[in-house]
Amino acid sequence: MKGVRLITNLKFIVDNNVGKLAKWLRIMGYDTLFFNGSDDSRMIATALTEGRVILTRDTQIMRRRVVTDGRLKAILIKGDEPEQQMHQVIATLNLDCQFRPLAICLECNQPLLERTREQVKDLVPPYVFQTQSQYMECPACHRIYWRGTHWQAMTKKLEKFIKD
Ligand SMILES: [Zn+2]
């Protein structure tokens, strides 16, 4: 499968108690799984197998041996607001703020594929087709992404998380 090459191999798994972080990390271009189950052992197993950093508010997870002995990286998220939470993650891991826009599907975490204008002609609103030249498509859900006003608003918000 032809995908976008990942610049960093930092990957995440986000516990459902900090679910909003998944979208923001995907906006930044990080491969991020959202864990929607209640079985912590499964989340930990996935994190270990796939080399993912766990983001959670669950102090129990932080006491697990795999975490305390350093085999598994987990971050205990402290703030209540997604803004504070993102700021903590970015600061703790010193995340590259040169994030890769339009690299990961915000809905299904698939690497997006480049599409030409012609390929998306019938899939995007006419005003978008007229004004945008770069498009990406999710191979799983077939959403088309472009750097429209919605995208710009999200990245502006993200830049604020980084600065604050
Ligand atoms: Zn998708």
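Throughout, residue positions are numbered sequentially from 1 according to the sequence presented. What you see is a predicted model, and the numbers here were worked out from it, not measured in a lab. No hydrogens, no waters, no symmetry mates; every other heavy atom, side chains included, goes into these values.
A side-chain donor from one of Asn109 and Asp31 sits under 3.5 Å from a side-chain acceptor of the other.
Using modelled atom types, no side-chain atom of Glu159 and backbone atom of Lys156 make a donor-acceptor pair closer than 3.5 Å. Not a single donor-acceptor pair under 3.5 Å links the side chain of Arg52 to the backbone N or O of Ala47.
Checking each of Val66, Asp40, Leu72, Leu76 against Ile61 for a side-chain contact (heavy atoms from CB on, under 4.5 Å) leaves exactly one that passes, namely Asp40. Each of Ile27, Leu21, Ile77 was evaluated against Met86; a single residue qualifies, Leu21, per the side-chain contact (heavy atoms from CB on, under 4.5 Å) test.
Under a cutoff of 6.0 Å and an axis angle of 45°, Arg117 and Phe129 form a cation-pi pair.
A salt bridge links Glu107 to Arg143: one of the charged nitrogens lies within less than 4.0 Å of a carboxylate oxygen. By the 4.0 Å N-to-carboxylate-O rule, Asp69 lies too far from Arg64 to be salt-bridged with it.
Residues Met43 and Ile54 form a side-chain contact, since some pair of their non-hydrogen atoms from C-beta on lies under 4.5 Å apart. Within the 4.5 Å cutoff, the side chain of Leu93 has heavy atoms near those of the Ile75 side chain. The closest side-chain heavy-atom distance from Pro101 to Arg147 is below 4.5 Å. Under the 4.5 Å side-chain criterion, counting only non-hydrogen atoms from C-beta, Met154 is not in contact with Leu158. In this structure the side chain of Lys23 never reaches within 4.5 angstrom of the side chain of Phe34, judged on heavy atoms. With a 4.5 Å cut-off on side-chain heavy atoms, Ile13 and Thr32 do not count as touching.
Atom CZ of Arg65 is separated from atom CD1 of Ile44 by 13.5 Å, given to the nearest 0.5 angstrom. With rounding to the nearest 0.5 Å, the separation of CH2 in Trp151 from OH in Tyr145 is 7.5 Å. With rounding to the nearest 0.5 angstrom, the NE2 atom of His87 is 9.0 Å from the OG1 atom of Thr92. The structure places CE of Met136 at 10.5 Å from CD1 of Ile144, a figure rounded to the nearest 0.5 Å. Between the CD atom in Gln85 and the CG atom in Leu25 there is a gap of 10.5 Å [rounded to 0.5 Å]. Note that the CG atom of Leu33 and the CZ atom of Phe12 stand 11.5 Å from one another [nearest 0.5 Å].
The local environment of CD in Gln134 is sparse, with at most 12 non-hydrogen atoms from other residues, nucleotides or ligands closer than 6.0 Å.
Transitive grouping of hydrophobic side chains (ILVMFWY, heavy atoms separated by less than 4.5 Å) keeps Leu10 and Phe35 in distinct clusters.
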>> Let's go through Leu102 and Tyr135 carefully: what are the C-alpha distance in whole Å and the side-chain angles of both, what is the deciding distance for side-chain contact (heavy atoms from CB on, under 4.5 Å) to 0.1 Å, and is it a yes or a no?
In response: CA-CA 9 Å; Leu102 303 184; Tyr135 298 93; over 6 Å; no

> Is there a side-chain contact (heavy atoms from CB on, under 4.5 Å) between Asp15 and Leu55 once you walk through the steps?
Replying inline: CA-CA 6 Å; Asp15 204 350; Leu55 304 178; over 6 Å; no

> Yes or no on side-chain contact (heavy atoms from CB on, under 4.5 Å) for Arg57 and Lys78, after CA distance, side-chain angles and deciding distance?
Replying inline: CA-CA 7 Å; Arg57 300 199 68 164; Lys78 295 193 178 114; 5.8 Å; no

>> What verdict does the side-chain contact (heavy atoms from CB on, under 4.5 Å) test give for Leu95 and Met28, after you've listed the backbone C-alpha separation in whole Å, the side-chain angles of each residue and the deciding distance to 0.1 Å?
In response: CA-CA 10 Å; Leu95 290 188; Met28 289 179 81; 4.2 Å; yes

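When all heavy atoms of Arg26 and Leu106 are compared, the pair lying nearest together is NH1-O, 2.9 Å. Contact record, Gln119 with Arg115: OE1-CA, 3.3 Å, taken as the closest heavy-atom pair. Residues Gly19 and Val14 come closest through the heavy atom pair CA-CG1, 3.9 Å. For Gln110 against Cys138, the heavy-atom pair with the smallest separation is CB-SG, 3.9 Å. Across Pro139 and Pro111, no two heavy atoms sit closer than the pair CD-O, 3.3 Å. Shown here for Asn16 and Gly37, the closest heavy-atom pair between the two residues is ND2-O, 3.1 Å.
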Cut-off 3.5 Å, no hydrogens considered: what does the side-chain donor-acceptor table look like for residues 121-128, sequence neighbours left out?
none

